[in-house]
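Since the model is a prediction, treat every value here as computed from it, not as a measurement. Lettering of chains follows the sequences in order, A, B, ..., and the numbering in each one begins at 1. Below, all heavy atoms of this structure are taken into account, side chains as well, without hydrogens, waters or symmetry copies.
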Protein chains: 2
Amino acid sequence: MKTDPELRLVEEHLRRSGFRWTSQRALIVRTALGTHEHFTAEQLLQLCRRLDPDISRATVYRTLQVLEAAGFVAGLDAGSGGRRFEHVIGHADHEHMVCEACGAIVEFHEPGLARRLLGAAARAGFRVARHSLRVYGTCRDCARRGGGP
Amino acid sequence: MKTDPELRLVEEHLRRSGFRWTSQRALIVRTALGTHEHFTAEQLLQLCRRLDPDISRATVYRTLQVLEAAGFVAGLDAGSGGRRFEHVIGHADHEHMVCEACGAIVEFHEPGLARRLLGAAARAGFRVARHSLRVYGTCRDCARRGGGP
DNA sequence: GTGCGTGCAAAATATTTGCAACGTC
DNA sequence: GACGTTGCAAATATTTTGCACGCAC
């Protein structure tokens, strides 16, 4: 099995924070990290169950809380159908475009944006922990198909 | 009662879109616009009930769906305890810094940001309608007082 | 008058919690 | 061995829906 440095990073951090590292948590974290899409708690549960059919829904929810508090996972703007999550590691410095026609979420990278935010914040005496940028509109396909607004 | 131009704007738009303008919708929109920051559906319901104790939870939910589709209200990253919403009107061309220690919300303006977003989006074939940028961290006062993270 | 919108209550979803057993430190 | 974690099931919380009636258009 691939030794995933990101997995190690999470393990390291959780241990240092006084959390225990269990096979369930490893599975959940590995699954979350390996999921490129944005997922709901339920979807993550189903993915995990492919490898461990006995894992409990409650464990997934509880682990997501831990991971969110630790900053390894972040909640997204949810339409209906439950909260969406994404893992944060390795996703540094990217933003999200949300297509309002088809619901697709496209990631994009805007170089230097983070630096400029830090600069603007520093001028206001603000210490930045993280940020959330979301661009709403119409994606290429929907614009072509429907014409859009 | 104050004639709220933003309220008029919403009414105008909804009417034009074929929705009916009812006393309940007026109350919900007025309340949402008058609410400073994020609220859950339940909180909005309680606020509305101070003025109309008979308004139904379902009506608030249904109206929120309409307002969200129309772009007057947007879903936020939800912690636990249900989706959070915020109203969108009047938020043009400035961004928000949110202090996680005291809850203060500081607005700031980052010149050229909108232009760069449009550029990045255009490269991806994305047509931008609006965006939402939120910077989370510690404000000057809280950093000085508590030290922060 | 024609429907959309509303209220109510019930249904469907989503999330949290109590507790005994279990596994990590 | 102590104590955080897990699974299960039940409890809560949140959101949606069916239906009869009322109101905006």
Can you give me the closest heavy-atom contact between A:Gln43 and A:His38, atom names plus distance?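 Nearest pair, atom of A:Gln43 first, then A:His38: OE1-O, 3.9 Å.
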Closest heavy-atom contact between B:Val60 and B:Ala41? CG1-O, 3.8 Å
[X] side-chain N/O to [N] phosphate OP1/OP2 under 4.0 Å:
X: B:Ser56; N: C:dT6; result: no
X: B:Tyr61; N: D:dT16; result: no
X: B:Gln65; N: D:dT15; result: no

Side-chain heavy atoms nearer than 4.5 Å, only ILVMFWY residues, links allowed to pass through others: does that put B:Leu67 and B:Leu47 together? no
Sorted by number, residues from residues 20-27 of chain B placing a heavy atom under 4.0 Å from DNA chain D are B:Arg20, B:Trp21
Can you pull out the residues from residues 42-52 of chain B that lie within a 4.0 Å heavy-atom distance of DNA chain D?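 Output list: empty, so none.
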Axis-to-axis angle across the helix from C:dG1-D:dC25 to C:dC25-D:dG1, five pairs an end, to 10 degrees? 50°
Taking the six-membered ring where the residue is Trp, are the ring centres of A:Phe72 and A:His87 under 6.0 Å apart? no
A:Arg57 side chain vs A:Glu42 backbone, donor-acceptor pair below 3.5 Å: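 Looks like no, no N/O pair under 3.5 Å.
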Which nucleotide wins on minimum distance to the side chain of B:Phe19, given the candidates D:dC8, C:dT15, C:dG5?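 Minimum distance to the B:Phe19 side chain belongs to C:dG5.
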Of the nucleotides C:dG5, D:dT17, D:dT6, which one has an atom closest to the side chain of A:Arg62? D:dT6
Atom pair CZ (B:Arg83) and OG1 (B:Thr40), whose distance is rounded to the nearest 0.5 Å: 11.5 Å
